[in-house]
There are 2 protein chains.
Amino acid sequence: MAQALTPKGTATRSRIVAGAAAELRERGVDEVRLEDVMARTGTSKGQLFHYFPGGKEELLLAVAQHEADQVLVDQQPLLGELTSWPAWQAWRDRLIARYREQGQHCPLGALLGPTGRRTPAARSVVTGLLGRWENAIADGVRHMQSTGDIAPEVDAGRAAAAILAGIQGGVLLLLHTGRTDHLAAALDLALDALRGGARP
Amino acid sequence: MAQALTPKGTATRSRIVAGAAAELRERGVDEVRLEDVMARTGTSKGQLFHYFPGGKEELLLAVAQHEADQVLVDQQPLLGELTSWPAWQAWRDRLIARYREQGQHCPLGALLGPTGRRTPAARSVVTGLLGRWENAIADGVRHMQSTGDIAPEVDAGRAAAAILAGIQGGVLLLLHTGRTDHLAAALDLALDALRGGARP
DNA sequence: CATTTTCTGGACTTGCCGGTCCATTTTTGG
DNA sequence: CCAAAAATGGACCGGCAAGTCCAGAAAATG
């Protein structure tokens with residue numbers, strides 16, 4: 001896996017990943033040909049298969065891994081500091097802005113959607129991302145409970161699960177309608193519910 | 001579009017659609033070859049292109065249309081009678097059961113996911129389904145407002161949008177994790193929020 | 001500076017699968 | 001019962017894109 005890689009080599013490799021990611025974001029998974037990646041990154045087939053012996057599958061997986069990390073990075077540091085209602089609000093706004101900016105194609109489409117590769121590796125990338133995401137939200141809920149802003153009888157895990165579902169569905173609908181209405185409504189409803197639950 | 005179709009013809013045509021739908025549910029969009037459909041339905045290429053001159057695209061669209069209708073039919077009559085809290089609960093249970101039963105592949109994957117055909121026809125199938133779905137939920141909310149079970153200041157449209165997002169996200173997560181936790185949590189959170197809002 | 005490894009380019013192969021074509025059989029309708 | 005239309009079967013074609021191969025350039029190594 002970690003072959004001897006000269007600086008030039010690593011540069012090319014990451015150029016390929018970045019280019020493939022961009023291509024993927026613009027055109028969607030099944031519209032992207034290896035040839036497109038080559039054209040955009042100025043590389044040859046030899047190079048592609050040199051750095052990704054597993055071919056398209058391996059390249060797609062590398063891109064997905066890269067983009068999955070990015071999803072959470074884009075939410076930081078807000079996602080890690082859900083310690084007050086304004087902080088939650090700021091995170092909410094950031095999420096919506098982030099997905100509005102992102103085009104019509106989910107870069108994780110390669111894995112997330114029905115088309116998603118069902119290989120164990122692909123699954124673990126997705127479940128890993130979702131798990132970390134959900135945990136971060138649950139941590140935020142628990143912190144709010146520790147400060148008394150959210151009622152202690154709330155199940156943090158379930159709340160996080162519900163919020164994550166709302167986000168995923170909101171993004172899915174955004175991808176289809178081009179509007180952020182659903183994402184916003186889902187987040188607002190969830191946050192209102194948590195807020196309201198604080199005062200019995 | 002509506003060619004002369006003998007009884008035998010219509011039978012074959014619908015056999016093809018049904019078979020393709022089943023194949024799609026079991027194996028997912030990009031794993032299904034025309035050949036698979038032929039094998040399952042006992043038909044030949046000639047027949048496929050006889051009934052679907054537009055080829056795979058047209059067949060997929062027909063299947064999607066068929067399945068989209070089914071999504072709402074499966075929720076009836078419950079979805080049309082959201083007139084009391086027990087009715088909402090029954091609908092919630094039905095939804096979860098329905099999606100638990102359905103395998104790992106969304107029959108609408110052909111359209112819903114990132115892989116989704118971006119043709120106008122495909123978009124209209126999806127947006128049509130989502131729109132009708134959202135409207136039905138909103139109607140339910142409004143009815144509950146008319147009986148005083150939900151506070152009048154609730155925006156029925158936004159509530160419906162949030163609920164639909166939760167459902168979609170829940171199903172997406174179900175497809176990935178095999179668990180209905182997220183779907184259940186999202187629905188429960190939303191319904192609790194609506195219930196709670198009734199008593200200021 | 002020699003030689004060994006890595007990197008690069010691109011021509012070529014391969015297999016798959018959607019789509020075409022037409023000959024044959026079955027059904028329709030007068 | 002006989003045209004005409006519809007339905008069926010399956011051989012064949014063609015293109016596309018993934019993947020292979022190898023020869024040559026550029027770096028590392030000592």
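Order of the sequence lines sets the chain letters (A, B, ...), proteins ahead of strands, with each chain counted from 1.
Taking 4.0 Å as the cut-off between side-chain N and carboxylate O, B/Glu26 and B/Arg40 count as a salt-bridged pair. A salt bridge does not link A/Glu35 to A/Lys45: none of the charged nitrogens lies less than 4.0 Å from a carboxylate oxygen.
Of the possible donor and acceptor atoms, one in the side chain of A/Gln76 sits under 3.5 Å from a partner among the backbone N and O of A/Gly80. Side chain of B/Gln168 to backbone of A/Leu173: no donor-acceptor contact under 3.5 angstrom is found.
The separation between B/Phe52 atom CZ and C/dG19 atom P is 13 Å, rounded to whole Å. Distance B/Met38 CE to C/dC17 P: 13 Å, rounded to the nearest Å. In this structure, B/Arg33 places its CZ atom 7 Å from P of C/dG18, rounding to the nearest Å. The interatomic distance linking B/Leu34 (CG) with D/dG10 (P) rounds to 16 Å, in whole Å. Rounded to whole angstrom, the span from the NZ atom of B/Lys56 across to the P atom of C/dG19 amounts to 8 Å. The CG atom of A/Asp30 sits 16 Å away from the C1' atom of C/dG18 (whole-angstrom rounding). The nearest whole Å value for the distance from the CZ atom in B/Phe49 to the P atom in D/dG10 is 16 Å. In this structure, CD of A/Gln47 is placed 19 Å from P of D/dC22, rounded to the nearest angstrom.
In this structure, CG on B/Asp188 lies 4.0 Å from CZ on B/Arg92, to the nearest 0.5 angstrom.
Base engagement by A/Gly46 is indicated by at least one non-hydrogen atom pair under 4.0 Å involving a base atom. Here B/Pro53 lies out of heavy-atom contact (under 4.0 Å) with every strand.
In this structure, A/Thr12 does not reach the C/dC7 phosphate: none of its side-chain N or O atoms is under 4.0 Å from OP1 or OP2. At the phosphate of C/dT26, neither OP1 nor OP2 sits under 4.0 Å from any side-chain N or O atom of B/Thr6. One finds no side-chain N or O of A/Tyr51 lying less than 4.0 angstrom from the OP1 or OP2 phosphate oxygen of C/dT6. An OP1 or OP2 oxygen of C/dC7 is reached within less than 4.0 angstrom by no side-chain nitrogen or oxygen of A/Lys8.
In this model, a side-chain donor or acceptor of A/Lys45 finds a partner on the base of D/dA18 within 3.5 Å.
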